[in-house]
**Q** 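What follows is a single structure, and I will ask about it in a moment.
No experiment lies behind these values; they were computed from the predicted model shown. Just so it is clear: chains get the letters A, B, ... in the order the sequence lines come, proteins before strands, and each one is counted from 1.
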2 protein chains.
Amino acid sequence: MSEKKKLKGQTKVRMEERARVMKALAHPSRLFIVDELSHGERCVCELTDMIGADVSTVSKHLALLRQAGLVLDEKRGQQVFYRLRVPCILNFFGCVEAVLEEVSRCDVAESS
Amino acid sequence: MSEKKKLKGQTKVRMEERARVMKALAHPSRLFIVDELSHGERCVCELTDMIGADVSTVSKHLALLRQAGLVLDEKRGQQVFYRLRVPCILNFFGCVEAVLEEVSRCDVAESS
DNA sequence: TCATCGTTTGGCAATATAGCCAAATTATAG
DNA sequence: CTATAATTTGGCTATATTGCCAAACGATGA
């Protein structure tokens, strides 16, 4: 009967699952990848060139996105192409920008 | 003239800013807090009781959310009340759930 | 088969994050 | 002023994340 929602049991599991997805998006390179994949599929080599990090690093970022369920991979020849799996994550960007604007608009002593 | 977008300069700065906001949401307790604040303002003690962690831990989570621009705090008496600053982040949950459903629906060898 | 290209994996070192306790801070009550 | 309650801050340890290199893997072509 208690209306008090607590961070335990079912609720805790759900929050942990959500956090895993959010974590996958909580990195500059991975956000860039998602943004780039919104324009179509890309191979690892293309993304590596754009990001400017080691291929192995980019590959691990992509593996993490895949494990989170955000992208799909398809091997064709020697190359592996990645594409978005759930397009709605692109809607995140608009809201994140809104947050950044809100902060920069009232950037007085908000950082302390 | 180059159409090639690279993760450097302006683009890199923007992705880093976005990542900072996403990072703030990439934790079970902080997701729980955001979810709870969607129903109205809450004081630190209420949230601490619900989360079941040390008060100092919850306080640090809240400070992180505030620094990211996601919540606002207001001191009234001895208590500090927190509330959402940018409501659109609540839309994230629907998409995250869609990702989780997508994964659980096709949970065959998707995790390897 | 051998060499090469594209990608992934293992492993390591550097950095970042999380959570607790103790102490400091601020407001209120007596 | 003293005591107490609510919150924040400092500091410490444990854990997680990141990124590079080297090596392994898989497909292609000579």
**Q** From the set C/dT7, D/dT7, D/dG10, return the single nucleotide nearest to any side-chain atom of B/Lys60.
**A** D/dG10
**Q** A/Lys23 has an atom NZ; how far is it from atom P of C/dA16, in whole Å?
**A**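 The answer, rounded to whole Å, is 16 Å.
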**Q** Enter the distance from A/Glu74:CD to A/Gln79:CD here, rounded to the nearest 0.5 Å.
**A**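 So the CD of A/Glu74 and the CD of A/Gln79 are separated by 12.0 Å.
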**Q** Which of the following nucleotides, C/dT8, C/dC20, D/dC21, is nearest to the side chain of A/Ser59?
**A**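 Of the candidates, C/dT8 comes closest.
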**Q** Does A/His61 make a side-chain N or O approach to OP1 or OP2 of D/dG19 shorter than 4.0 Å?
**A** yes
**Q** Take atom CG of A/Leu47 and atom C1' of C/dG6, then tell me their distance rounded to the nearest Å.
**A**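 Roughly 13 Å, once rounded to whole Å.
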**Q** So what does A/Arg76 touch, heavy atoms closer than 4.0 Å: a base, only the sugar-phosphate, or nothing?
**A**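 Counting heavy atoms under 4.0 Å across all strands, no contact is made by A/Arg76.
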**Q** Between D/dT18, D/dT28, D/dG19, spot the one nearest the side chain of A/Gln78, thanks.
**A** D/dT28
**Q** Tell me: CG of A/Leu62 to P of D/dT18, nearest whole Å?
**A** 13 Å
**Q** Closer than 4.0 Å, any side-chain N/O of B/Thr57 to the OP1 or OP2 of C/dC20?
**A** yes
**Q** Under 4.0 Å between a side-chain N or O of B/Tyr82 and OP1 or OP2 of D/dT8?
**A**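 The answer is yes; a side-chain N or O of B/Tyr82 sits under 4.0 Å from OP1 or OP2.
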**Q** Between A/Gly77 and B/Ala63, which residue's closest nucleotide on DNA chain D lies nearer the 5′ terminus?
**A** B/Ala63
**Q** Rounded to whole Å, how long is the line connecting atom CG of B/Asp54 with atom C1' of D/dT7?
**A**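 Atom-to-atom, B/Asp54 to D/dT7, this comes out as 11 Å.
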**Q** Round to a whole Å and report the spacing from CD1 of B/Ile33 to P of D/dT7.
**A**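 Those two atoms, CD1 and P, are 12 Å apart.
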**Q** Could you give the CG-to-C1' distance, from B/Asp49 to D/dA6, as a whole number of Å?
**A**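 Rounded to the whole Å, the gap is 14 Å.
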**Q** In whole angstroms, how far is the P atom of D/dA16 from the CD atom of A/Glu16?
**A** 12 Å
**Q** Students often get this wrong, so: under 4.0 angstrom with heavy atoms, is A/Val55 touching a base, only sugar-phosphate, or nothing?
**A** base
**Q** Kindly indicate whether the side chain of A/Arg66, heavy atoms from C-beta on, has any atom under 4.5 Å from the side chain of A/Tyr82.
**A** yes
**Q** Between C1' on D/dT7 and CZ on B/Arg42, what's the gap in Å once rounded to a whole number?
**A**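 Nearest whole value for this atom pair: 18 Å.
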**Q** Determine the sole option in A/Met22, A/Met15, A/Glu17 for which the side-chain contact (heavy atoms from CB on, under 4.5 Å) test with B/Pro28 is passed.
**A** A/Met15
**Q** Are B/Met50 and A/Leu7 close enough that some pair of their side-chain heavy atoms sits under 4.5 Å apart?
**A** no
**Q** Which nucleotide in the set C/dG6, C/dA18, D/dT18 lies at the smallest distance from any side-chain heavy atom of A/Cys45?
**A** C/dG6
**Q** So if I take every side-chain heavy atom of B/Ser56 and compare against D/dT28, D/dC21, D/dT8, which nucleotide ends up nearest?
**A**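 That would be D/dT8.
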**Q** Check B/Lys8, B/Lys5, B/Lys6 against A/Asp49 for a salt bridge (charged side-chain N to carboxylate O under 4.0 Å, His left out) and give me the one that passes.
**A**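 When salt bridge (charged side-chain N to carboxylate O under 4.0 Å, His left out) is applied between A/Asp49 and each of B/Lys8, B/Lys5, B/Lys6, only B/Lys6 qualifies.
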**Q** Should A/Ser29 and A/Val58 count as side-chain neighbours, where that means a heavy-atom distance under 4.5 Å?
**A**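 No. Closest side-chain heavy atoms not under 4.5 Å.
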**Q** Does B/Phe81 reach a base, just sugar-phosphate, or nothing at all? Heavy atoms under 4.0 Å.
**A** nothing
**Q** From C/dT7, D/dG26, C/dA27, pick the nucleotide closest to the side chain of A/Lys75?
**A**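 It is D/dG26.
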